Amino acid sequence: MSVVAGGGAGVEQDDPQVGRLPLQRVPDEAARVAAAEVGSYDATGTEPPAADDESDRHSFESALEAQEEAALEARYRLDAEEDPAASSLLGAMLLRRGDPDDAEPYLRRAAASGIRAGANNLGVLLHQRGHREEAAQWWRAAAVAGSAPAAHALGLHLRDHGDEPGSEYWLHQAAEQGHTGGAYALADLLEHRRETVRAERWFRTAAETGHREAAYRLGRLKETAKEGEGAEQWYRQAAARGHARAALRLGMQLERRGEREEAARWYRQSAQGGEPRAASALGFLLRDGGDEVAAADWWREAAEAGDGSAANALGALHASWGETDMAEQWYRAALEAGDHNGAFNLGLLCAAEGREAQAEQWYRRAAYAGHREASNALAVMLLQRGDTPGAEPWFSKAAEAGSVDAAFNLGILHAGRGEQHDAQEWYARAAGQGHAEAALQLAVAKERRGDVASAATRYRQAAERGSAEAAFRLAVLLERGGEERHAEEVDRWYAVAAEAGHGRAQVRVGVRAAERGDAVAAEQWYRRAAEGGSRSAAFNLGLLLAREGSEAEAMLWYTRAADAGHGRAALRLGLVAARRGELAQAHRWCERAAEYGPGSVTERAVRLIEALRADLTA
């Protein structure tokens, strides 16, 4: 809260008059005469100093102001003994000047005479000296007499002493009289009590008179209520008045809707106003724009101000540059700032360098602090070394905290133990949070049980989230259904999987292209799959090349497929060798074909072997 602790002076930190005591002038003839005298400079007919000599002008004005104030003080001192209003004005002048000892007797005389400004200012003086209860008595007297600053100060005093009903009453009195600080403090009290509608009214009242903290708080209320446009309006008003947090929130809103240039401008203003989070946000904006060096400068500024997120980002940046020592330094700084991502990142750094014992220590530190991904990483580490009982509780802790990977890993654990029901529950939880492989596992289980519709739904879910295997399986499932209406979708999902490097999908795309008579596309996909290691693609490519008259290259691909265990390729090589009269070689290929299978290939290979044996012994 931005109200000065204790509240006695009635000064609010973001009040337009911040730094000045709320000293009141009395609306009597003496005050009007004094004001006229203070403001009489332009009536003298004296030429103002030349505009091109700024320092002389300021010096002249300061001297004139001091002269006028001295004359005014002398006048007040002459009248103070008999005129309580003059005594009040003199006390206010002395108090503002920082001379409370001289001011007090004049203010007491004015207050005792019923001058409400004197009573208010006496309360200010007493509060400054620590005499809070007596200050409250004088504020009450002034507030009863209609002083808005006194009502404001009394309301804050009562609030700090736990009297919320009394505080609300007096703050309301101040606010109703147009006191900006009173309106803000009343709104603050009401929001604390969750009376949002009333709080919004008074925040608005204060904001409309230029109170920047009230504008910021009103923006926060609007943002919480999902009123983005309303929030932006008030953030802009507060930010334009130099409110650093409002500039940060405004920058965040602009960045979310893609207005990065303007967002950067407000982040920069906020950061220059001392808001480390804005410097950090600006760093991320610059990094995403490709300027890592500038990003590092802002992250460093934020990190040195204690922003753990910026320190982590700086560590990650140095790690990407290969500067692991600097990365470790900044990760440690993040941890010291209370950001446990620092410990997790230190664990990742150590694990990448093979320092497993240290990695485990950092993972444990972050995990015990509630870091869910560190809990998952620790569990994976324990599982990899065979400590399943030690790993499972950490997986559970991470999953319950929302780690999608941990939920998936628990599914794998339960499936490995044959606990299919529990496995499916964890897979479903992970899939519900967007885990593609978990959705794939659910789809496979559905398909095995014959629930084709549910399997297709899960395959589609996984495929849409990037699983090439799911895209391939979905295409196979739809193709197997044989419905013409699915033909286009079948092609689309095979293509998605094929473009992602799925070998079997690439073969199917080639086969479907060949069936359409598109030999160019078929060859392209067969070759791509074959070069990726697919023996079926190598065999199909050989067939396609042979049909096109490229027998020599076809033999190369047949050989590659046969060497990888493809029975039909080995049989084809045997037939070609037999046709060429290379009987021994044909015999060897047929023996391999019979070994590789499948059954139909084995049967043909055996018959050919018998024929070759007869020819070889003839």
Side-chain angles (χ1 to χ4, degrees), residues 1-27 31 88 91-92 95-96 107 110-111 114-128 132-193 195-218 221 238 241:
M1 185 164 53
S2 62
V3 177
V4 174
V11 179
E12 197 279 325
Q13 286 185 350
D14 280 304
D15 194 290
Q17 297 297 319
V18 64
R20 300 185 64 184
L21 297 172
L23 306 179
Q24 290 180 275
R25 296 188 182 277
V26 292
S88 177
L95 183 58
R96 184 174 287 116
L107 291 176
I115 303 295
R116 71 184 190 188
N120 174 65
N121 294 332
L122 179 58
V124 171
L125 185 149
L126 292 168
H127 183 270
Q128 289 178 346
R132 298 188 175 184
E133 293 307 318
E134 187 182 358
Q137 292 173 14
W138 289 111
W139 279 330
R140 187 179 297 276
V144 167
S147 168
H152 173 226
L154 180 59
L156 294 179
H157 171 82
L158 294 172
R159 181 205 63 188
D160 292 348
H161 284 74
D163 183 359
E164 286 195 3
S167 174
E168 181 181 350
Y169 175 82
W170 288 111
L171 291 175
H172 194 272
Q173 294 300 310
E176 287 286 5
Q177 293 179 66
H179 191 282
T180 301
Y184 172 78
L186 176 59
D188 182 60
L189 182 67
L190 293 169
E191 187 186 26
H192 173 71
R193 295 211 304 249
E195 296 183 39
T196 308
V197 175
R198 293 179 66 204
E200 182 176 330
R201 173 198 169 188
W202 290 110
F203 276 140
R204 185 185 299 274
T205 298
E208 287 174 347
T209 59
H211 194 292
R212 64 179 191 175
E213 180 70 15
Y216 169 71
R217 296 283 292 277
L218 185 55
L221 280 180
R241 294 177 178 272

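Residue indices begin at 1 and follow the sequence shown. Quick caveat: nothing in here was measured; it's all calculated off a predicted structure.
- In plain terms, the two heavy atoms of Ala143 and Ala150 that are nearest each other are N-CB, 3.7 Å.
- With rounding to the nearest 0.5 Å, the separation of NE2 in His179 from OG1 in Thr205 is 14.0 Å.
- Asn120 and Pro149 get closest at one heavy-atom pair: OD1-C, 3.8 Å.
- For Ala187, the side-chain contact (heavy atoms from CB on, under 4.5 Å) partners are Trp202, Phe203, not counting sequence neighbours.
- Of the options Leu186, Leu158, Asp160, a side-chain contact (heavy atoms from CB on, under 4.5 Å) to Ser167 is made by Leu158 and by none of the others.
- For the pair Leu95 and Leu107, the tightest heavy-atom approach, listed with the atom from each and the gap, is CD2-CD1, 4.2 Å.
- To the nearest 0.5 Å, atom CG of residue Leu218 and atom CD of residue Glu208 are 8.5 Å apart.
- The structure places CG of Asn121 at 11.5 Å from CD1 of Ile115, a figure rounded to the nearest 0.5 Å.
- When each of Arg217, His211, His152 is paired with Tyr184, the side chain to side chain donor-acceptor pair (under 3.5 Å) condition holds for Arg217 and for no other.
- Between Ala174 and Ala148, the shortest heavy-atom distance links the atoms CB-O, 3.5 Å.
- Applying the ring-ring contact (aromatic ring centres under 6.0 Å, His included) test to Trp138 and every residue at least two apart in sequence or in another chain returns nothing.
- Put simply, CD on Glu168 and CZ on Arg159 are 13.0 Å apart, with the number rounded to the nearest 0.5 Å.
- When atom types are taken as modelled, the side chain of Arg241 and the backbone of Arg212 share no donor-acceptor pair closer than 3.5 angstrom.
- Formation of a donor-acceptor pair under 3.5 Å by the Arg116 side chain with backbone atoms of Gly146 is found in this model.
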